[in-house]
Every structure is written in structure tokens, then in C-alpha cells.
Amino acid sequence: MVQGIANWSTEQSREWLQSYVDDWVSFYRKHTGEGSVAEYIPQLATADPDALGITIIGRNGIKVSSGDVDLPFTIQSISKVISFIVACMDRGVSYMLDRVDVEPTGEAFNSIMHLEMKQVRKPLNPFVNAGAITVTSTLEGKTSDEKMESIFALLEKLLGYRPALNIDVYESERDSSMRNRAIGYYLLETGFLESDMNTTLETYFKQCSIEITVQDLARIGLILANDGEDVETNEEIIPRPIARITKALMLTCGMYDASGKFATYVGIPAKSGVSGGIIGAVPPRVREEVLPFMEGCGIGVYGPALDDNGNSVSGIRLLRHIASQWDLSIF
Ligand code: DON
């Protein structure tokens with residue numbers, strides 16, 4: 001484990017952390033060949049399978065960025081974190097938790113098995129597609145563009161700029177959306193949707209196609225780590241109870257059917273997407289020794305080669321290594 005320095009907030013220590021992360025990124029880039037890029041959305045299949053990049057931003061202002069950090073990618077399922085927060089802020093937490101549960105499924109992200117087989121009263125969590133599409137149906141607005149407005153408004157507050165849609169990915173996603181349409185029809189039949197099904201699905205495809213960078217993910221992760229407050233201005237961007245529920249869901253359901261392993265071996269609230277992005281929120285932690293990013297940090301990772309669970313194969317290995325070296329686990 002990396003330790004033995006009195007203060008990890010100086011420029012010299014930043015350079016030291018940077019050289020560690022540079023080494024780790026080059027090492028784990030070799031593992032990208034163990035996964036493959038998502039192909040069920042044709043446009044995602046054009047990503048460079050060997051790409052790997054990471055940005056870590058600390059509450060102490062230290063930022064470390066390494067690898068392919070300038071490659072934009074679509075947010076995909078990480079948008080489910082944003083839409084859930086927006087819905088909770090607009091509708092209230094209890095309204096939303098009456099409509100989606102907070103239980104892990106242990107199933108693939110696009111499974112509806114539990115809904116059908118267990119006859120549950122509501123989708124099991126907002127990060128599986130059935131739950132996410134239900135959440136999207138609660139967003140305010142009649143058209144998909146109106147519904148997207150509240151997502152963009154929150155992203156603008158979190159990032160300081162308004163990200164754009166990747167139209168090619170949006171069209172590709174919309175045109176290859178058989179499974180999500182099946183989920184949409186199931187939710188319609190069971191009465192879970194609060195808006196027109198086509199408008200809801202169109203909004204869902206758009207939210208997944210927002211283009212971001214690892215730096216953006218690290219910034220959002222940092223605000224979540226800081227219980228919803230901007231670390232620089234102290235402005236509350238996400239109400240604390242909503243930030244906390246979101247982190248609990250990220251820890252228990254954020255990496256789909258690999259969430260238990262990720263919680264065990266990495267131990268930080270995180271959420272993945274099929275384009276290869278991962279957002280991590282590392283809260284402040286108490287340790288006897290002085291460690292990097294003890295005051296908390298946000299992490300953004302991009303590595304489009306995925307494992308069987310749909311999570312970035314080298315991104316997870318890289319995060320696991322950093323978490324063990326710097327003792328980032330919340331446990
Ligand atoms: O629902 C879909 O198919 C995608 N647009 C989002 C899925 C996703 O990112 C799942 N993540 N691991």
C-alpha cells in the first residue's frame with residue numbers, strides 16, 4: 001500500500017501520484033484484450049477497444065489524469081444516476097421509492113425476469129433498465145426534449161457546461177432497441193409508466209447518448225462524495241439525502257450483477273455504462289496512516305472493452321488496484 005508521506009496535497013505528491021497512475025494505466029491497458037466492446041448498439045462497436053483513461057479529482061484540489069482522458073464517450077447507464085437524482089429532486093424521494101425499489105437484482109441490466117417471475121410491486125432498482133425507464137417516465141415534460149431539459153439542467157450545474165448528445169449513438173441505440181421496447185411494453189402493461197411509452201423510451205435513448213469525458217465523471221463523483229455539495233463553492237447541487245441514497249444504490253446495484261464483487265474487492269460507490277465508462281464516488285475516510293485522497297475524491301474511468309457483465313474489463317482492474325494501493329474502500 002502507498003503510504004509514508006505526511007501530506008498528499010502538495011504539488012510534489014501530486015507528481016508522485018501521477019507517476020504511479022501512469023504506470024498502472026500502462027499496465028492495465030494490456031488487459032483490454034480480455035474484453036470486447038459492446039456490439040448490440042452498432043455505433044458503440046466503433047470504439048477503440050484498447051483505450052483506457054482515468055481522472056481522479058480530490059476534495060483537496062489534487063487532480064490526476066492518465067491515459068485516454070480526452071476521448072469523449074456516451075454516458076449510457078451512468079445517466080441512470082442523473083435521471084434518478086433529477087426525479088427525486090423534482091418529485092420527492094418517497095414518491096420515487098414508491099415507484100422503484102432499492103434492491104439489487106443479481107441479474108443483467110436489461111433483464112425483466114424479477115418483474116415477471118416474482119410479480120414484484122415495482123422494478124427492483126433505478127439502475128436496471130426496467131427501473132431506469134420507469135424513472136425516466138416520471139421526468140417532467142410532455143416531449144422527450146422537454147424531459148431531457150431537466151437532465152441537462154442538472155448536468156450543467158454539476159459540470160459547469162451543457163454536454164451535447166451524440167446523435168449517431170442516439171440513432172443507433174433507437175434503431176437497435178428491441179429489448180428496451182420489450183421492457184417498455186411490459187412496463188406499460190403493468191401500469192408502471194407515467195408518460196407515453198414512446199416518449200419515455202426516446203428520452204431514455206437520448207439520456208444514454210449524452211457525451212461526456214472521464215473528467216466530467218470525476219467531477220460528478222466528487223460532488224456525490226461530498227454529499228451533493230460543490231467542493232469549491234459549497235453550493236448544494238444535490239440535496240444530501242438524495243446524494244446518500246444514490247451512493248447506497250451505486251454501491252449495491254451500480255455494477256449490475258457484479259455489484260457484490262465490486263463492493264467486496266473495490267469497495268466504493270460506482271456506476272458503469274456499456275460504452276466503458278465508470279463513475280466512482282469516494283467519501284472521506286478515517287485511517288490511522290496518511291493516505292492519498294483521504295478527504296474523498298471523484299473518479300472517472302473509460303475503457304470500452306467490457307467483461308461479461310457489461311463493465312469495463314481493464315477499468316475494473318485498474319480501480320481495484322488503485323483502491324487497494326490507496327485503501328479507498330469505504331469499509
Ligand atoms: O439500455 C441500454 O441498452 C443502454 N443504452 C444502456 C445500458 C448500459 O449502459 C448498461 N450498462 N452496463
Side-chain angles (χ1 to χ4, degrees), residues 35-47 73-84 100 104-113 115 123-137 144 148 151 165-187 193 197-198 200-212 214 217 220 249-250 252-262 269-280 300-316 319:
S36 42
V37 297
E39 285 177 349
Y40 74 100
I41 298 172
Q43 195 62 30
L44 294 183
T46 62
F73 54 95
T74 51
I75 190 167
Q76 294 297 330
S77 278
I78 301 171
S79 71
K80 296 167 180 172
V81 173
I82 307 297
S83 53
F84 178 69
V100 282
T105 66
E107 301 298 334
F109 65 91
N110 52 9
S111 169
I112 47 171
M113 203 170 78
L115 268 183
L124 281 181
N125 69 67
F127 296 165
V128 287
N129 286 14
I133 292 169
T134 301
V135 168
T136 297
S137 82
S144 64
M148 285 299 293
I151 291 184
L165 277 195
N166 181 322
I167 299 294
D168 292 338
V169 172
Y170 161 64
E171 290 177 351
S172 187
E173 173 124 19
R174 183 196 58 199
D175 297 343
S176 54
S177 56
M178 286 72 84
R179 171 63 77 115
N180 281 327
R181 287 192 190 280
I183 294 173
Y185 276 111
Y186 190 81
L187 295 171
L193 293 184
M197 186 194 73
N198 286 319
T200 300
L201 287 173
E202 205 173 309
T203 312
Y204 176 73
F205 303 144
K206 285 183 181 169
Q207 71 179 65
C208 288
S209 307
I210 295 170
E211 205 159 60
I212 36 98
V214 284
L217 292 183
I220 299 170
L249 282 162
M250 288 164 73
T252 52
C253 315
M255 308 299 282
Y256 299 108
D257 30 341
S259 299
K261 284 191 189 60
F262 194 85
K271 178 79 200 80
S272 62
V274 281
S275 55
I278 304 175
I279 183 174
V301 175
Y302 175 58
L306 307 179
D307 62 21
D308 291 343
N309 300 113
N311 296 321
S312 172
V313 71
S314 47
I316 289 202
L319 275 176

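Order of appearance sets the numbers: ligands from 1, and atoms from 1 within every ligand. Position 1 is the first residue of the sequence, and the numbers go up from there. Every heavy atom of this structure was used, including side-chain atoms; hydrogens, water molecules and symmetry mates were not.
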Working to the nearest 0.5 angstrom, can you tell me the gap between [X] [atom1] and [Y] [atom2]?
X      : Y      : atom1 : atom2 : value
Ser137 : Met197 : OG    : CE    : 12.0 Å
Asn309 : Ser272 : CG    : OG    : 8.5 Å
Leu201 : Arg174 : CG    : CZ    : 12.0 Å

Kindly confirm or rule out an N or O of [X] lying under 3.5 angstrom from an N or O of ligand 1.
X      : result
Ser77  : yes
Asn309 : no
Lys271 : no

> Which one holds for Arg179 and ligand 1: side chain close, backbone close, both close, or neither close, with close meaning a heavy atom under 4.0 Å?
Replying inline: neither
>> At under 4.0 Å between heavy atoms, is it the side chain or the backbone of Cys208 that contacts ligand 1, or both, or neither?
In response: side chain
> With a 4.0 Å cut-off on heavy atoms, is Phe205 touching ligand 1?
Replying inline: no
Which of the numbered atoms in ligand 1 are under 4.0 angstrom from any heavy atom belonging to [X]?
X      : answer
Gly273 : 9 (O), 11 (N), 12 (N)
Asn180 : 1 (O), 2 (C), 3 (O)
Asn129 : 1 (O), 2 (C)
Gly310 : 12 (N)

>> Please list the nearest protein heavy atom to atom 5 (N) of ligand 1 with its residue and the distance rounded to 0.1 Å.
In response: Glu173 OE2, 2.2 Å
>> For atom 3 (O) of ligand 1, what is the closest protein heavy atom, and at what distance to 0.1 Å?
In response: Tyr40 OH, 2.6 Å
> Is a side-chain donor-acceptor pair under 3.5 Å present for Ser172 with Gln43?
Replying inline: no
> Side chains of Tyr204 and Ser177: donor-acceptor distance under 3.5 Å anywhere?
Replying inline: no
> Which is closest to atom 1 (O) of ligand 1 in terms of heavy atoms, Tyr256, Tyr204, Phe127, Phe109?
Replying inline: Tyr204
>> Looking at Tyr256 and Phe127, would you say the former's side chain and the latter's main chain have a donor-acceptor pair under 3.5 Å?
In response: yes
> Checking Asp307 side chain against Gly310 main chain: does a donor-acceptor pair fall under 3.5 Å?
Replying inline: yes
> For atom CG of Asp308, is the number of surrounding heavy atoms from other residues, nucleotides or ligands below 6.0 Å larger than 12?
Replying inline: no
>> Are the side chains of Asn180 and Phe205 in contact, using a 4.5 Å heavy-atom criterion?
In response: yes
